[in-house]
Amino acid sequence: MINVTLKDGSVRSYEPGTSLLEIAFNISPRLAKETLVARVNGKLADLNEKIYNDSEVELLTFDSDEGKKVFRHSASHVLAQAVQRLFPGTKLAIGPAIANGFYYDFDKEQSFTPEQLEKIEAEMDKIIKEDWPFGRVELSREDALRKFNERGEQYKVELIKDLPEDAVISCYQQGEFEDLCAGPHVPSTGRLKALKLLSVAGAYWRGDEHNKMLQRIYGTAFPKKSLLEEHLHRLEEAKRRDHRKLGAELDLFSIHEEGPGFPFFHPKGMILRNELEKYWHEEHKKRGYDEIRTPVILNRSLWEQSGHWDHYRENMYFTRIDEGDYAIKPMNCPGSMLIYRNRPHSYRELPIRMAELGLVHRHELSGVLHGLMRVRCFTQDDAHIFMLPSQIKDEIVGVIDMVNDFYQVFGFKYHVELSTKPDKAMGSDEIWELATGTLQEALEARGLPYKINEGDGAFYGPKIDFHLEDCLGRTWQCGTIQLDFQMPELFDLTYVGEDGQKHRPVMIHRVVFGSIERFIGILTEHFAGAFPAWLAPVQVKVLPITDRHLEYAYKVVEALAKREIRVELDARNEKVNYKIREAQAQKIPYMLVVGDRESEAGAVAVRHRSQGDLGAVQLEQFIEDLVQEINSKECK
RNA sequence: GCCGACGUGGCUCAGGGGUAGAGCAGCGCACUCGUAAUGCGCAGGUCGUCGGUUCAAAUCCGACCGUCGGCUCCA
């Protein structure tokens, strides 16, 4: 007999050679039905795998991340099977599980039409009903190569060739279909109860634009129809939070054919911007930053000196002035360099923190433009910190804390990535290692979990990126901290040390919001347009019941405006219900209904956009409460 | 930039070879109303742009522009 230790610590004895599925069934038939895959001694395994030794076994259902992944990965195999049934000769590339679903990349002459997608989905349902078991076969590299070569599956052959020497090569088979795959999989296709294909898109083989473009079919899958429907419903809901839609509805900004990727901010959008910037100015002042402003157009020699001419040219716009070549700045740093270099500096001055809300222009590919999230001109809430080598860690930690403080005000959750040396980098490996190590130390000093992004750093240095989520869970880089040993060198920046000698300062580039535009996009989706009172373009809407109450309504408006509350009056000859509906649609935090009772008592009937009717309070009291809510930047 | 889909009044959408239709928003009139849509009327579009096919194009074809979903890139 062998002992199997379960997740809860309990130990059960079985005959050697008992399968994991049998173990699950032995625990409870229901568990056997829900279990998709198991972890045996730390490694994921198919349920029909048999156990011969004492083992630790964890049975995983769809509720676990691994369970979801295996489930959807299995769904991608079923997708590939359906496609090969309906379109023989279609070549297979890769088909992984992703965050909320799966995809499979295919190489096929004609592109998939929406009608074909429906047919594929129907075929997948058929395969599920056929309930093929997933079978695993291990084979030698030679056999694997021969097998996939014979079938003309050139992508699989390429994948096999790239597998490490010692890799176990395995194939999984369901029915007539077989695919190269490390596994594991769910026991049989019948487990994949509810699935839906969502879209087709082009995708380069191995993500490289020099390679052939394949067709990627995206889908999602759940063990229950109701879960699938819930998910699809959530997607629909999320679309309502889309900042592009809300931006138009709330009259925040617009983007026109006349300037793709160049957003126009409307009066209400400007209120958001200005409030964010006001907060930003205050915080930076508190934290010892000075503010500067540098020009948008600067001449070619500067960009040659900074390295942008060689490393960033494809992203830049150019112009000519008189006989000279000029570039529109894609980054603010060279301007800051010139200010630093404008006069000598003493070590006593450092760190110098120079902040700039700088408008930069970058040529982004037309296909990637996305509302305010990816644009061709944006305002970076930039700063360059010039410091002694001994100050690096403290300064980085200071910025990490600042970013965290800012994001907390909005209730954002974020994740952190550390990006390392890219191919197109300046400077030696040693300097890069030093810089990267320093960033790592700072992250660890703050105990922040982070993911490493190999080769994704800026050309002048490694960076820490802060990513925020949009309504569909797509993440966008916002804050970033970049450590730079290059620019001070290139611009020959110096400070005079204690020893009276010239020394080289170290610099960091950093942004907190990232770009004001993107941040407003994220903000809009995060709050679904219902901005906290301190940010709301209109904080209060006064709604007189009839025109008999207009006079008092004007008094209310005046009293609020006096306290710098952003207030509007709906003086139209409409019913209260109608006015409320519109104010609600505009997500205005407070609606003040005024009629006979209120005008007589000097009161206002308060309605909050999410809490509803709050009853009448004295006007003065309402003002005090609201001012307090605004000043504390409360989110409600 | 690449792959695919889409582009009809401010918004949401119908129509589809014989020269445009609805609802909402807007404007006017009436109603003077208590917490998410009062009624009636009026006005508003060279159907993204440019070319082609046709007696006739919003409708068919092509190119371009833009948008959307991805790929790649990045704040």
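Numbered from 1 within each chain, the chains take letters A, B, ... in sequence-line order.
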A:D570 CG - B:A37 P separation (whole Å): 14 Å

- request: State the pairing partner of B:U54; accept Watson-Crick or G-U wobble contacts with both distances under 3.5 Å, and report none otherwise.
  value: none

- request: Measure the shortest side-chain to side-chain distance between A:S306 and A:Y460 over non-hydrogen atoms and say whether it is less than 4.5 angstrom.
  value: no

query: Can you tell which of A:D570, A:V593, A:L550, A:L560 makes a side chain to side chain contact (heavy atoms under 4.5 Å, CB included) with A:V542?
result: A:L560

message: Roughly how many Å apart are B:C40 and B:U49, using the C1' atom of each and rounding to a whole number?
response: 40 Å

message: With rounding to the closest Å, how many angstrom separate the P atoms on B:A14 and B:C33?
response: 42 Å

- prompt: Considering only B:C74, B:G70, B:C33, which nucleotide approaches the side chain of A:T546 most closely?
  reply: B:C33

message: Tell me which nucleotide, if any, is Watson-Crick or G-U wobble paired with B:C68 when both distances must be under 3.5 Å.
response: B:G4

statement: From the candidates B:G69, B:A75, B:G34, the one with an atom nearest any side-chain atom of A:K463 is B:A75

field: Side-chain N or O of A:S366 closer than 4.0 Å to phosphate OP1/OP2 of B:G1
entry: yes

- prompt: Can A:E236 and A:K239 be counted as an ion pair, charged N to O under 4.0 angstrom?
  reply: yes

field: Whether A:F253 and A:F265 hold their rings parallel, tilted or perpendicular, with breakpoints at 30° and 60°
entry: tilted

- request: Determine the interatomic distance between P on B:G44 and the same-named atom on B:G62; round to the nearest Å.
  value: 36 Å

query: Where the side chain of A:I545 is concerned, which of B:C33, B:C71, B:A37 is the nearest nucleotide?
result: B:C33

- prompt: Say you pick atom C1' in B:G1 and the same atom in B:U8; how far apart are they, in whole Å?
  reply: 30 Å

query: Per the atom types in the model, does the base of B:U32 pair as donor or acceptor with the side chain of A:D547 at under 3.5 Å?
result: yes

message: Ring-plane angle category for A:F513 and A:F519, please: parallel below 30°, perpendicular beyond 60°, tilted otherwise.
response: tilted

- prompt: Looking at B:G70, does its base get a donor-acceptor pair with the side chain of A:Y204 below 3.5 Å?
  reply: no

Integer angstrom distance from the C1' of B:G45 to that of B:A25: 16 Å

message: I want to verify a distance call: between B:C71, B:C74, B:U67, whose nearest atom is closest to the A:E364 side chain?
response: B:C74

Base-pairing mate for B:C73 - Watson-Crick or G-U, with both contacts under 3.5 Å: none

query: B:A57 and B:G52: how far apart are their P atoms, nearest whole angstrom?
result: 11 Å

- prompt: Separation of A:I580 atom CD1 from B:G34 atom C1', in whole Å?
  reply: 8 Å

message: If the threshold is 4.0 Å, N to carboxylate O, is there a salt bridge linking A:R240 and A:E237?
response: yes

- prompt: So which of A:K156, A:K212, A:R216 actually passes salt bridge (Lys or Arg N to Asp or Glu O under 4.0 Å) with A:D107?
  reply: A:K212

field: Base B:A36 to side chain A:R609, donor-acceptor N/O within 3.5 Å cut-off
entry: no

- request: Tell which nucleotide pairs with B:C31, taking only Watson-Crick or G-U wobble pairs whose two distances are both under 3.5 angstrom.
  value: none

message: Counting only side-chain heavy atoms from C-beta out, which of B:A37, B:G70, B:C33 sits nearest to A:R581?
response: B:A37

message: Using a strict threshold of under 4.0 Å (side-chain N to carboxylate O), is an ion pair present between A:E115 and A:K119?
response: no

field: Length of the NE2-C1' vector between A:H467 and B:C74, whole Å
entry: 10 Å

B:U19 versus B:A58 - spacing of their C1' atoms, nearest Å: 9 Å

message: Could you tell me how far apart A:E574 (CD) and B:C24 (P) are, to the nearest whole angstrom?
response: 13 Å

query: With both distances kept under 3.5 Å, what pairs with B:C47, Watson-Crick or G-U wobble?
result: none

query: Quick one: does A:E598 reach the base of B:G34 with a side-chain donor-acceptor pair under 3.5 Å?
result: yes

field: Atom-pair distance (NE2 on A:H608; C1' on B:U35), nearest Å
entry: 15 Å

field: Between B:G48 (P) and A:E258 (CD): distance, integer Å
entry: 16 Å

statement: Scanning all shown strands, the Watson-Crick or wobble mate of B:G21 with both distances under 3.5 Å is B:C13

- prompt: Got a donor-acceptor pair under 3.5 Å from the side chain of A:N573 to the base of B:U32?
  reply: yes

task: Return the value, rounded to whole Å, for the distance between atom CG of A:L198 and atom C1' of B:G70.
output: 12 Å

Pairwise C1' distance for B:A20 and B:A56, with rounding to whole Å: 16 Å

- prompt: B:G34 phosphate, OP1 or OP2: any side-chain N/O from A:R548 under 4.0 angstrom?
  reply: no

task: Could you tell me the separation between the CZ atom of A:F106 and the P atom of B:G70, rounded to a whole number of Å?
output: 18 Å

